[in-house]
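Working notes, structure below.
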Amino acid sequence: MSLLEILEYPDPRLRKKALAVSGVDDELRQTIDDMFETMYAASGIGLAATQVNIQKRLLVIDIADEDEQRQPLVFINPEIEVLDPEPHRHEEGCLSVPGYFEFVERPRKVRVNALDRNGEAFEMVAEGLLAVCIQHEVDHLDGKLFVDYLSVLKRQRIKTKMEKEQRQNLSA
Ligand code: GNR
Ligand code: NI
């Protein structure tokens, strides 16, 4: 297993669109394991392949509390269908925008169809934090970030601060 580097906003590679996975093999399962290791190490509840510079439609999620048993979920080629469009407001953060938390509205209930780590198709209905997280991760696969839902002013402020921090990290 190995830790992967997480790209940070406004890295243009976060805007790339992920390509459908054509087959689930041991190499892909290795990538999945590396993504879980990277997500847990960063104390995240989700990670999309785009964030680790892999252009595949693949994401991992574990919304279990740290003192609970792990509940790792794998979604390959996920397709979302909105079951209840009623907007649900939730405060979001992102491992690619570390340190920033803002409220975002998303449909409150979705159905996901995807493949699991064995290449088997499954379906899941999600509400609450899981629904938020799945939508946040699928957005990454389409090159979209939670800051895109904020006002231009808020997004610009976050971008400027992130760029400043990245310059400081480079010269440190
Ligand atoms: O760790 C994460 N927490 C989180 C909190 C609220 C809404 C979405 C998320 S996902 C985020 C990890 C991440 O950046 N996934 O792409
Ligand atoms: Ni994110």
Side-chain angles (χ1 to χ4, degrees), residues 3-19 21 28 31-80 82 84-112 114 117 124-151 154-155 157-159 161-163 165-166 169:
L3 286 179
L4 307 171
E5 187 194 338
I6 300 176
L7 302 178
E8 293 190 0
Y9 179 70
D11 193 311
R13 291 171 291 182
L14 287 168
R15 298 307 188 179
K16 290 192 186 175
K17 291 229 160 95
L19 303 170
V21 172
L28 192 79
T31 300
I32 290 168
D33 290 343
D34 291 344
M35 285 175 62
F36 273 117
E37 191 186 7
T38 303
M39 182 189 79
Y40 289 128
S43 296
I45 59 172
L47 188 70
T50 308
Q51 292 178 277
V52 291
N53 201 26
I54 296 173
Q55 283 78 50
K56 291 182 180 166
R57 300 197 71 84
L58 162 66
L59 61 92
V60 299
I61 289 178
D62 189 337
I63 59 165
D65 283 329
E66 294 207 29
D67 58 350
E68 280 182 327
Q69 265 238 330
R70 283 181 175 178
Q71 292 167 29
L73 301 173
V74 176
F75 299 83
I76 299 164
N77 296 341
E79 297 289 346
I80 289 182
V82 173
D84 184 352
E86 187 65 28
H88 175 244
R89 255 165 58 86
H90 197 281
E91 196 169 31
E92 299 196 16
C94 182
L95 294 175
S96 296
V97 196
Y100 296 89
F101 301 89
E102 299 286 348
F103 279 90
V104 174
E105 282 187 358
R106 298 182 188 272
R108 65 168 288 272
K109 190 173 181 183
V110 295
R111 174 161 53 220
V112 196
R117 64 179 291 137
M124 188 180 285
V125 172
E127 299 176 77
L129 181 59
L130 184 59
V132 172
C133 195
I134 289 171
Q135 292 176 81
H136 175 115
E137 304 311 337
V138 172
D139 269 356
H140 276 302
L141 302 182
D142 294 326
K144 192 157 190 184
L145 299 166
F146 85 94
V147 296
D148 299 340
Y149 295 97
L150 309 178
S151 66
K154 268 193 183 174
R155 183 167 57 253
R157 208 159 52 203
I158 292 172
K159 180 165 174 260
K161 285 192 195 165
M162 289 284 301
E163 285 172 335
E165 197 172 316
Q166 286 162 19
N169 288 345

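Whatever order the structure lists ligands and atoms in, that order sets their numbers, starting from 1.
Counting heavy atoms only, E137 comes closest to atom 10 (S) of ligand 1 of the residues Q51, E92, E102, E137. The closest non-hydrogen atom to atom 9 (C) of ligand 1, taken over G44, P98, S96, G93, comes from G93. Comparing C133, G46, C94 against atom 12 (C) of ligand 1, the shortest heavy-atom distance belongs to G46.
Of the possible donor and acceptor atoms, one in the side chain of D62 sits under 3.5 Å from a partner among the backbone N and O of A64. At distances below 3.5 Å, at least one donor-acceptor pair connects side-chain atoms of Q135 with backbone N or O atoms of A131.
At the top of the distance list for atom 14 (O) of ligand 1, counting protein heavy atoms only, stands L95 N, 2.8 Å. Ranking the protein heavy atoms by distance from atom 1 (O) of ligand 1 puts I45 N, 3.0 Å first.
Other residues, nucleotides and ligands place more than 12 heavy atoms under 6.0 Å from the CD atom of E91. Around the CD atom of E66, the shell of radius 6.0 Å holds no more than 12 heavy atoms that belong to other residues, nucleotides or ligands.
Polar contact check, L129 against ligand 1: no nitrogen or oxygen pair lies under 3.5 Å apart.
Residues R108 and D84 are paired through a salt bridge, judged by an N-O separation under 4.0 Å between the basic side chain and the carboxylate.
Contact annotation: E91 has at least one heavy atom less than 4.0 Å from an atom of ligand 1.
Of the residues L59, L58, V52, the one that meets the side chain to side chain contact (heavy atoms under 4.5 Å, CB included) test with L47 is V52.
In H136, the N, O or S atom that comes nearest to the Ni ion (ligand 2) is NE2.
T38 and L4 get closest at one heavy-atom pair: OG1-N, 2.9 Å.
Every atom of ligand 1 is numbered from 1 in the order shown, and the set under 4.0 Å from a heavy atom of H140 is 16 (O).
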